[in-house]
Each structure stands twice: as structure tokens, then as C-alpha cells.
Amino acid sequence: MKPTQPAAFELRLYVAGQTPKSLAAFANLKRICETHLAGEYRIEVIDLLQNPQLAAGDQIFAVPTLVRRLPEPIKKIIGDLSNEERVLVGLDVQPVTA
Amino acid sequence: MAKKTAPTADSPATLPKSPTGINGLDEITGGGLPTGRPTLVSGSAGCGKTMLAMEFLIHGAIQFGEPGVFMMFEENPQELAANVRSLGFDLEELTAQKKIMLDHVVIERSEIEETGEYDLEGLFIRLSYAIDSIGAKRVVLDTVEALFAGLPNHAVLRAELRRLFRWLKDRGMTAIITGEKGEGTAITRYGLEEYVADCVITLDHRVTEQISTRRLRVMKYRGSLHGTNEYPFIIGAHGLSVLPITSLQLDHQASTDRVPTGMARLDEMLGGKGVYRGSSVLITGSPGTGKSSIAAKFAETACRRGERALLFAYEESPAQLLRNMRSIGIDLAPWVSKGLLQIHASRPTVHGLEQHLVMMHDTVVAFDPAAVIVDPISNLTLSRSETDVKPTLMRLIDFLKHRQITSVFTSLTTGASATEGPEDSQLGVSSLMDTWLLLRNVEFNGERNRVIFVLKSRGMTHSNQVREFVMSDSGIDLVDVYLGADRVLTGTARISQGAAERAAAELRAQDHQRKLRQLAAKQKALDAQIAALQAEGEVGEAEVNFAIAQETLLTRTTQQAADAIGRLRGGGDGGKGGAKPLRGIR
């Protein structure tokens, strides 16, 4: 029985162009979401090279950064998301043991 | 807004510099901070790093036409704007005019979870965006150490910082990086000086004996000559103010103009005309000898000539000073209201000595006086050693001499006895002074009187006399001292001696008159004698003349008679004189 997540996740991934780190982060993110969030999520990828002015809004200084906008409170995770455990802790997501 | 052109280097070989617009800092650095390179400003909390960086940006935007980006990691923009507003800068206005851009980077340790590899490209992007949006030439990062506190992976951070500074250089940004002072000899806590090595400025805020002093030091400046000493600075009403180094070169001009002191007899003692313009005068003496009075008289004299005078008073309030001087006939109030005299009074313990110096410097530059009086300087050194005071005073005097300002300093000397060597000046600064007037109390015959003498006066002949100095309702002046029985006489002794001498002179005069009269009488008698003799002579002469006439008459008559007889006796004239032989008696 899958434990129900509290609400839909709105995630924003900030990258700077198509660097290996960015691609890895995106791939990792998709995988984690598929595994643990089961459809109750929305990912938005923001390329800071295209939209530099958005960096200040969410206080981004490291790249890649994943911001959990919903549910509140806002959480930030930096790195290419290769450490799944830390990602889950950071997102405050109950891991789903598949 | 007028665009001030940045001062260019003397020769093309020197480093291009960006002026900071901060009083004195541009002089010390020889033009400003290195253009297109990062400068590290380190100091402990509250030293003024943020203030310095902010002024660098603001002056750059307003005066030199270089917009700037301020990236802050600790304060938020509202706090910064409020702090800066007290100095008269409106950050919001400048931001609206696209001259300054503020970016607050929030690093919340608890919010951050490291989940893999990352870099700080986000920071680069933000900075780049900010620079491009206003065309910035100047950047401030205040303070990057917040990144060290926020991000656990210091290896990545250091690599990225190295990249950032190189990036700033590549973009030609003149940047200031602020950092916390490190422990011991380290310049910064996290060793930022490894990456920012072109120019390092350290700020210091010391408290010694309850008085705080701020100091600035250009520790390193690659490719440029700079003063390496510590310079005092203050954070005043208009921002930072550093005392520049021009003093260290003894190359000021020497004027030959003479400035009267206001007391004619004192001017006579000083070679007849007074002190040289631009020279330094020290007036020392025990309490109550009249040092402040002489200094005030000097100020008044300057004002009378139409020159501006500045009086720094460290013992009396301006009102008290005016009142006291009025009682001896020196009215300073009209000069104050005319704007020719400014009196600045404060207790010396309010600030550190260096702060006083910086304030004096700024006041002199703003007011541009011809004479500066500091009354007294002995107060400034209450709890400090001589070694501290002398360099500071040296700077002040050199600065004043460069501007050809005549300066008068009064100093209290301890030791009321007239026999104690007056040369043991409390401060040992007499070597900095060109003229030294010493006032002393002399005790004789049951009273104390003031005397003044010129201990030294460089460059002119001066009197070695000890003169009595008198203060009365009508003013202050010198009186001649009477010497009697090898002792200096002052006060009533002088007066009585003067009276005695006057009486003696009167007596002598009368005696002289009497003698003259006597001689005149004698002369008269002689004259009468001469007249009598002359009369006798005349009588004798008349007698002689008569005798001659008689004789002549007699001779003639006799001859006539002989002629007549001759004629009667025979024919022919009787011969002329002489007996003639009778011709034949018939």
C-alpha cells in the first residue's frame, strides 16, 4: 500500500545551460519523482542562462538547485541530486520502498 | 550630474587606478584602487568595511560616472539604505536611476541540502545580470565569508571563488571584496588573501584607555607605490575621512612674510616684525600666565587684517572664551559673527588623538584659514605617551605648513618654580616649533608677576631679554623690565625703581640747569671785562691819535714859521727844512 503524500509537489529545477551536471540533475529528479511521488508532482526547469533575472527571485546561487515551492515551506537542494537519500530528506518526502 | 574625470596616472607605465572619492584614501593609494582588479578590504566587525565599499560605489556612480553593483550576503538592502542615508546618500534614488544595483544573496544554512556536485554558477549569473543591466564598472561583494559559513563544501567554494575573481578581472570590474579579520596574523579568516592579491587594505578599530581610534593600512598594492603606514581615519557626517600622507615629505615652502602678533613690543622682540607666515609658534607656561590670552590676541590680529582664523579650544567653551577675552580688552565676538573666526571646542577625551587630527584637517580644508590656534595641546596627551603624540602633531604641523598657515599652540608646563628648566617641555614637541615663547611667574618682593621671553625663534634675530607681561582691562602688552642690582624687577618693584630713576633723572636735569646758569653768568662777567678793556684800548688809541695830530701840527707850524722867517730875512724861500748856511753877511 503506497503511503499517500500530503499534497501535489511543485518543483522547480534551476540549471545553467545543458551542462552534464544539469542533465544529470534532471534525469535524477525525474527518476526520484517517478519512484516516490507517483504522479503527484510538477517539474519546471528554468535555464538561468535564458532567464538570469529569475535567479534573484528564488535566491539561487548554486547550480543546479532544486526548489520545492509546494508544499510549503520552501526547501532548497543544491547539487546534481545524485544522492537520493539526501534529496528525499531535503524534499521531506517519505521514501517509498519499491 | 557633473562627471568628474578620474585623475590619470603620471606616466603610461603606471597602473590605471579608479578613484574612490573617499577623503584622503586616493592620496594614500596614489590615485585610488587598481582598475579592473579586485581589492580585499579586511577588518573586524564594525570597522567600516561596508561603509568604505559603499562609498566607493556611490562616489563611483555620482562623481566618476561608473555604475556599480553591490552584492551583499549579510545585510539586507533596506538596512543598508538606512545606514547610508545617515551620510546623505539616497540609495533608492540611485537604484532608480540605474546607477547602483543591490543584490541580496541569502544563504540560509538550514535551507540547504547538498545532494551531489554543484558549482556557484548561479552567483555568476546573478552578478553578470546585474552588471549588464546597469553597465556597471564597479562591484562590491560584502562579505563573501557568509558563503563559507553557509556552504559546507569549502573545496568547491574556494575553487569557485578563484574562478569568480578571475571572472571579475576578465570583465574588467574594479571590485572590493570585504572579509573578516582573521586570528593572529592572518589577514582574513578564510584566507581570501590568497585569491585577492592585487591590493589589500586592512581596517582597524582599537580602544586604548577608553578611547577608540580607527586606522587604515594599505598592506599591499601590487604595481604601485603606496604609503605603508597606518593612517587614522574617522567615519564622520559625510562618510570616511582618512588623513593623507602629504606630511611625510619635508618640502613645504618657507615664506618671508612676517605676521604681527598683535603686541608691538613682542613683535620688536621677534626681529622687529613678528613671526614668519606659515611658521609654528609654541607658547608654554605655568597655569595662569596668559598663554590663551596671547593666542587669542594673535587670532584677533589676524582677523583685523581680514584673514580667517580657526581656534581649537580644548579647555573652555566658546562662550567662556569670549567672555574671558573680553575682560582683557580682546573682543572676538564681532569676528565670529563676521565669519572670520571659527571656534571649535571639545573635550579632548571625546575622541582619540587621531580623530582630532582628522577633524582638524577636515575643518581646515573646509574653512581655509590663514591662522590656526590650538589651545592647549597638552590636553590632547592626557593619558598618552609622548611617542604617540609627537607623530600626530608632526603631521598636523606639516599639513599646516604646506598650506602656509601660521599656527599657534599653547601648552601647559608643570613646575611653578621659576628655576625649573623651562626647556623640559611636557610634550617634547618643541623641536617641531619654529618659535617658542615662554611665560613664567616671577616671585619677588612679595608678589608674583608674569614675564615672557623668546626662547627660540628660527630664522630671525630675537631679543634675549626677559620682559614683563601685563594684562589689564585695556589689553595685554609687554613692559620693559628694570634691572636693579643684577636682578630682574617686576611689578611694584619695577614701579618704585622707575619712580626712583625718574626722580634721579629730574634731579640731574636740574643740576645740569644750575651748572649751565652758572657758566652763563661767568661768561657774562668775562664779556663785561672784555668790554671794559676794549673801552680802555679805545681811549688809548684816541690819545695816540691826538698826540700824533699834535706833533704833526707842531711840525708844520714850526716849518711855516721857519719859512716865513727865511722869507723875511733874505729873498727866496727859506729852504725847506734844515738850516741853510748864511750867504755872506753884509
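Throughout, a chain's letter reflects where its sequence line sits, starting with A, and its residues are numbered from 1. Every heavy atom of this structure was used, including side-chain atoms; hydrogens, water molecules and symmetry mates were not. Quick caveat: nothing in here was measured; it's all calculated off a predicted structure.
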Visitor: Using a cut-off of under 4.5 Å for heavy-atom pairs, which of A/Leu49, A/Ile60, A/Leu66 has the most such pairs with chain B?
Guide: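 The option with the most such pairs is A/Ile60.
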Visitor: Of all of A/Ala25, A/Ala55, A/Gly17, which one pairs up most often with chain B through heavy atoms under 4.5 Å apart?
Guide: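 Most heavy-atom pairs under 4.5 Å with chain B: A/Ala55.
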Visitor: Let's go through B/Ser18 and B/Thr35 carefully: what are the C-alpha distance in whole Å and the side-chain angles of both, what is the deciding distance for side-chain hydrogen bond (donor to acceptor under 3.5 Å, both in side chains) to 0.1 Å, and is it a yes or a no?
Guide: CA-CA 5 Å; B/Ser18 300; B/Thr35 306; 3.0 Å; yes
Visitor: Validate the cation-pi geometry between B/Arg189 and B/Phe148: distance from NZ or CZ to the six-membered ring centre under 6.0 Å, angle to the ring axis within 45°.
Guide: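 The answer is no, since B/Arg189 fails at least one limit relative to B/Phe148.
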Visitor: Chain A heavy atoms under 4.5 Å from B/Asp103: which part of the residue, side chain, backbone, both or neither?
Guide: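 Looking at B/Asp103, just its side chain touches chain A.
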Visitor: A cation-pi test, strictly: NZ or CZ of B/Arg163 under 6.0 Å from the centre of the six-membered ring of B/Phe124 and no more than 45 degrees from its axis. Yes or no?
Guide: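 Flagged: B/Arg163 positioned over aromatic ring of B/Phe124.
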Visitor: Heavy-atom distance under 4.5 Å to chain A: side chain of B/Leu127, backbone, both or neither?
Guide: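 For B/Leu127, neither part sits under 4.5 Å from chain A.
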Visitor: Which one, A/Ile77, A/Ile74, A/Ile78, A/Thr65, leads in non-hydrogen pairs under 4.5 Å with chain B?
Guide: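 Looking at each of A/Ile77, A/Ile74, A/Ile78, A/Thr65 in turn, A/Ile78 comes out on top.
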Visitor: Taking the six-membered ring of B/Phe64, is the NZ or CZ of B/Lys137 close enough (under 6.0 Å from the centre) and on axis enough (within 45°)?
Guide: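 No; the conditions do not both hold, so B/Lys137 does not lie above the ring face of B/Phe64.
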Visitor: Flag the one option from A/Gln53, A/Lys75, A/Glu85 with the top tally of heavy-atom pairs under 4.5 Å to chain B.
Guide: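 Option with the top pair count is A/Gln53.
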Visitor: Checking A/Lys21 against chain B: side chain, backbone, both or neither under 4.5 Å from a heavy atom?
Guide: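 Side chain of A/Lys21 only, per the 4.5 Å heavy-atom cut-off to chain B.
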Visitor: Donor-acceptor pair, distance only, cut-off 3.5 Å: does the side chain of B/Thr174 make one with the backbone of B/Gly36?
Guide: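 At least one qualifying donor-acceptor pair exists.
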Visitor: Tell me, out of B/Glu108, B/Glu121, B/Glu117, who's got the most heavy-atom pairs with chain A below 4.5 Å.
Guide: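 Of the options given, most contacts go to B/Glu117.
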Visitor: Hey, are A/Arg69 and A/Asp58 close enough for a salt bridge, meaning a charged N less than 4.0 Å from a carboxylate O?
Guide: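 So A/Arg69 pairs with A/Asp58 through a salt bridge.
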